[in-house]
Amino acid sequence: MRLGKIRETAMQGVFFLTAITSIAAVVIICIFLFCNGIPAMAKIGFSEFLGGQKWSPTNVPPSFGIFDMIIGSIYVTAGALVIGVPVGILTAVFLARFCPASLYKVLKPATELLAGIPSIVYGFFGLMVIVPLIRQYFGGNGSSLLAASIVLGIMILPTIIGVSESAIRAVPESYYEGALALGATKERSVFKTILPASKSGVLAGVVLGIGRAIGETMAVVLIAGNQVQIPKSITDGVRTLTANIVLEMGYSTGLHREALIATGVVLFVFILLITLSMQAIKSRSENHG
Amino acid sequence: MDKFQIQSMNLHYGKFHALKNINLNMQKNKITAFIGPSGCGKSTLLKSLNRMNDLVEGCKITGSLKLDGEDIYGNMDVNVLRKRVGMVFQKANPFPMSVYDNIAFGPRTHGVKNKKQLDEIVEQTLKDAAIWDELKDRLKKSALGLSGGQQQRLCIARALAVKPEVLLMDEATSALDPISTGKIEELCMKLKNEYTIIMVTHNMQQALRVSDYTAFFLLGEMIEYNDTDTIFSSPKEQKTEEYITGRFG
Ligand SMILES: Nc1ncnc2c1ncn2[C@@H]1O[C@H](COP(=O)(O)OP(=O)(O)OP(=O)(O)O)[C@@H](O)[C@H]1O
Ligand SMILES: [Mg+2]
C-alpha cells in the first residue's frame, strides 16, 4: 500500500518533469532570443531595424535594415499559399470523398511521405528542376520568388492535406445526404455542404502551412536568389528572414551577429502570431460546435 | 391514381435479404404510412423510392419500381428523381448555414439564381411549412440555433422548396415533443392536397390520425396493406392485429 503510494508520487514527478522540459525549452529560447535581440534592436534603432531598407552589415558605418527581408518572407509565404492551398484542399477533398479505396492506399502514404522528405532534398529538387525550368520559360537566372513559392507550396501540401482531410471527414454525413436528397449532384453536395462545414479545420491546416512556409530555411536558401531587395516581379530574387540568418551567421561578429539574432526575434514574433491565430480558430470552432 | 407501383421487388444488403417480394401501389395525393417493428425494412423501402440506397455498398434491388409509370431504376436521372421525390430524415439535418440559405439550397441547385425569386420561394415554403411567423426575423441566423422541432419543420420546408411531387418522411417526428409533432401532422394533412406523402412511423396513433393507407411490414415482408381505417379496425392478418394492439414489436 505504502509502496504503491510512493510509486504513484514518483510517477507523478516523472510526468511533471517531462512536461516541464518542453515548457522550459520554450522559455529558455525566448529568453535567449529576446535578451540578445532586443538590445541589438535598441542599439540599431527599432524603426531603423524594422523599417530600414539598407542591409550592409560590413560597411563602415554598417546599416541593418531588414524591411526587404520581412517583405521577402511574406511574399514567399503568400506565393506558397497561392500554390499550396488550392492544390492541398482539392487533394484533401478528393482523398476524403472521391478517391476509390484502392487508389487511397497509394495516395495517402504518398502525401505522408511528402512530409518526411528533408528540406535540403526539396532544395536540391528546386535547384535541379524548378530553377532551370523557370530560367528557360520565364528568363532571368531562375533563382527567384517563383522558384521558392513553388517548392514551398509543395512542402506545405502534406500539412494542408492532412489537417483538411480529417476536418472534411469529421463533417456529419447527414449534410451530404440532405443535399443529395434535394437532387444535388455529388460534386455540389461535397463542395456546397461538406467543404463549407469543415472550413475552420481547413483554415487551421492553412495556418499551420503558413507557419511551415515562413520558417523554412534550407530549401529557400538554395533557390530564392537571396538578393536583398523587394522583388518587382515573380522572377526576381528574394531574401527571407531565415535565409538572412543562415547565410551570414557563420562569419558575423559583434553587432552584426546580434542583428541576426534580432532577425530571429522578428521571425519568432511571426510564429507567435500564427500560433495565436491558430488558437483563436480552434476556440471559435469549439464554440460553434 | 397510382403514384408508385412496386412489383415483385427484392432487396439484398450483401447476402442479407432485407425486402422480400414486395408488391405495393401507392396513391397520388394520399398519405401512406409504413408501420412494423424495428428492422423490418421500412426505411429500406422508403430509401429505395428516391434511390438513397445507392449510397449503400452491396445493396442490390430486383423487380420493378415505377414513379408515374416510369422505371425508377431505369434511365431516369437520379438527381431528377430526387428532386421529384423529396425526403425528410429521422434526425433533422439542417445545413450549417442560415435559415434562408437552407431553403434556397435546393432551388439554387436547380438553377434559380434570381434574388427576388429566391426570396419568394423562401417565404412561400416557410409559410407552407407553417414556420414563417417563427422564423421571418431570423432568416439570416444559423439554422443550427433553432429548436429541434423548428429544425425539422425547416427541413420539411427545405424539401418543399424544390417543388417535389412526393415527400418521404422517415420517422420525422420521433425526436419531437407532442406540440411540434402535432404541428407536423397538421402540416402533412394540409400538404397532401398537393403532394403525395409516404411516412414511416412507430406511433400507431399517428398512423391512425394522419394516414389514408397503411402498410404493415414484418421481417422484410409486407404482411398487409389497406386503407388505414380497415387496418386498424378489422385487420385481415392475425400478425397485423397483434402488432397494432401492442402484443409484440
Ligand atoms: N446499410 C445497411 N447495410 C446492411 N444491412 C442494413 C443496412 N441498412 C439496414 N440494414 C438491415 O436491413 C434491415 C432493415 O433495416 P431498416 O433500416 O429498413 O429497418 P426499419 O424498419 O427502418 O427499422 P427501424 O424502425 O428501426 O428504423 C435490418 O435488419 C437492418 O439491419
Ligand atoms: Mg428506419
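Below, chains carry the letters A, B, ... as their sequence lines are ordered, and counting in each starts from 1.
- Taking each heavy atom of A:Tyr175 and B:Phe95 in turn, the nearest pair found is O-CE2, 3.2 Å.
- For B:Lys66, the NZ atom is loosely surrounded, since the number of other residues' heavy atoms within 6.0 Å does not exceed 12.
- Residue B:Lys136 places its NZ atom among more than 12 non-hydrogen atoms of other residues, nucleotides or ligands, all under 6.0 Å distant.
- Heavy-atom proximity under 4.5 angstrom to chain B picks out A:Glu177, A:Gly178, A:Ala179, A:Leu180, A:Ala181, A:Leu182, A:Gly183, A:Ala184, A:Thr185, A:Arg188, A:Lys192, A:Thr193, A:Ala197 from residues 177-203 of chain A.
- Contact annotation for B:Pro94: only backbone heavy atoms (N, CA, C, O) come within less than 4.5 Å of a heavy atom of chain A.
- Of the two parts of B:Phe105, the backbone and the side chain both hold a non-hydrogen atom closer than 4.5 Å to a non-hydrogen atom of chain A.
- By the neighbour-count criterion of 12 heavy atoms within 6.0 Å, atom NZ of B:Lys140 is densely surrounded, having more than that number from other residues, nucleotides or ligands.
- Interface residue B:Leu55: only side-chain heavy atoms are found under 4.5 Å from chain A.
- Atom CZ of B:Phe4 is surrounded by more than 12 heavy atoms from other residues, nucleotides or ligands within 6.0 Å.
- Annotation for A:Phe138: atom CZ does not count as buried by contact number, only 12 or fewer foreign heavy atoms lying within 6.0 Å.
- Looking at B:Val85, only its backbone comes within 4.5 Å of chain A, counting heavy atoms on both sides.
- The candidate from B:Pro164, B:Pro96, B:Cys155, B:Ser142 with the greatest count of non-hydrogen atom pairs under 4.5 Å with chain A is B:Pro96.
- Contacts of B:Arg84 with chain A are absent, with no heavy-atom separation under 4.5 Å from either backbone or side chain.
- Residue B:Arg51 does not touch chain A at all, counting heavy-atom pairs closer than 4.5 Å.
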